[in-house]
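Reading through the structure tokens given below for one structure.
As the structure lists them, so they are numbered: ligands from 1, and atoms in each ligand from 1.
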Amino acid sequence: MSSDSKPIVLVTRQLPSQAQARLESLSDELTIRQHKSTSPISRQDLLDGIKGADGLICLLSEKIDSELLEAAGPRLKVVSTVSVGYDHVDTAALKAHGTRLGYTPDVLTDATADTTVLLALMASRLAKRSLEIVTSGTGGGFSLSTGLGTQFTKKTLGIVGFGRIGAATTQRLMPFGFSRVLYTASRAHPERAQPFKAEHVSLPTLLAHSDLVCICCPLNQQTEGMFDAKAFAAMKPSAILVNTARGAIVNQDDLLAALDRGELAHAALDVTVPEPLPKGHPLVRHPNCTILPHIGSATEETRNAMGNMAITNMMAGVFAEQMTAEVEL
Ligand code: NAP
């Protein structure tokens, strides 16, 4: 195929090594424009690079809106995001433009559920304080009565968003001894809930009864700011909150106030607004808040699988074939 007639694809980031090698092997079929960096592409470079493109492989850091679609022009057939969440995409604008949307469900479920468990254990066993004691050299060694965390035996687990990651998180957490599981979702999921005898309840009921609350739902108009002052006031003072979904589901000012008031015991966050939070941010310094830098799906295996699926979706979009995973717009 001559370079003039080859479809043009913009890729906004360096992909994980195996996926990157596969992308580069497609250069006979595609003209590949790539922001070959591990840092986000600037908005201007995105708007310049998308001009005349047939396909886009992007990340959640890129806002996909009408401005971008106008800059792209009529040839843009597919946006393929390397994520399962697509809150960064204006789906109505995409539909109006006649552009398809690919995403990467399932392949990141295990890694993200693992991270949710990691944060739950870090919070319950006060890992932040313990690590600080060791790194600062201000204590340490066995103590019978200080640095005591809590455990999950006979406690109640609350899962907000009982989809792929919510169910995988529940499956991983059950062996820690939880005696009851509550969940919220858009609707009841009796089959998914059955192995855990999980009960579909309202959010206020879940918050009032859960010892560990894990946020596993998408960011959308209903969930943005869902964890606000009212929600924190409804939680048990001993409860732990884990968020591995999206930062904007939690109102961070309200969270800080609630932690200061002792309305919950600890918040453990993989996602924040912005990312990263500034070094001196009060949540970063707060003894009862543990923050990871959005590593939910960050394993070699998962990131390569995500990159590969995004490439497959992109190729299917560019050549009008069936995608592995397409969002119904
Ligand atoms: P999923 O299978 O679609 O599950 C989402 C669940 O949330 C569904 O059970 C859905 O209910 C429920 N839900 C939707 N709106 C809700 C609401 N207003 N209140 C309560 N529950 C609601 O998605 P997934 O694959 O598990 O991924 C979930 C989210 O995790 C993604 O959207 C993404 O933002 C985030 N994520 C983060 C990372 C990370 O790196 N930290 C990695 C992967 C994913 P129904 O089942 O009734 O529709």
Judged by modelled atom types alone, do [X] and [Y] share a side-chain donor-acceptor pair under 3.5 Å?
X    : Y    : value
T112 : R164 : no
T244 : T116 : yes
N220 : R246 : no

If I apply the N/O under 3.5 Å rule, does [X] come out as touching ligand 1?
X    : value
S186 : yes
I165 : yes
D87  : no
M226 : no
T112 : no

Checking a contact table here: which protein heavy atom is nearest [atom], and how many Å away?
atom                    : result
atom 20 (C) of ligand 1 : T184 OG1, 3.6 Å
atom 5 (C) of ligand 1  : P218 CD, 3.6 Å
atom 46 (O) of ligand 1 : H189 NE2, 2.7 Å
atom 29 (C) of ligand 1 : C217 O, 3.8 Å

Would you check if the side chain of R22 reaches a backbone N or O of Q18 as a donor-acceptor pair within less than 3.5 Å? no
Heavy-atom donor-acceptor pair, K128 side chain to C289 backbone, under 3.5 Å: yes
For [X], the ligand 1 atoms whose distance to one of its heavy atoms is below 4.0 Å:
X    : value
G296 : 39 (C), 40 (O), 41 (N)
Q222 : 18 (N)
H294 : 39 (C), 40 (O), 41 (N)
T244 : 36 (N), 37 (C), 38 (C), 39 (C), 41 (N)
G163 : 2 (O), 4 (O), 6 (C), 8 (C), 9 (O)
S297 : 40 (O)
G161 : 6 (C), 7 (O), 9 (O), 12 (C), 21 (N)

Please check if the number of heavy atoms outside [X] that lie under 6.0 Å from its [atom1] is greater than 12.
X    : atom1 : answer
Q151 : CD    : no
Q171 : CD    : no
K230 : NZ    : no
R192 : CZ    : yes
E321 : CD    : yes

Once rounded to the nearest 0.5 Å, what's the spacing between atom CZ of R75 and atom CD1 of I50? 11.0 Å
Would you mind telling me if ligand 1 is within reach of the side chain of [X], the backbone, both or neither, using heavy atoms under 4.0 Å?
X    : answer
T223 : side chain
R164 : both
R246 : side chain
C216 : backbone

Against ligand 1, does V84 come closer than 4.0 Å with any heavy atom? yes
Going hydrophobic residue to hydrophobic residue with side-chain gaps under 4.5 angstrom, can you get from Y86 over to V271? no
Taking NZ, NE, NH1 and NH2 as the nitrogens, is one of them in R33 or D54 under 4.0 Å from a carboxylate oxygen of the other? no
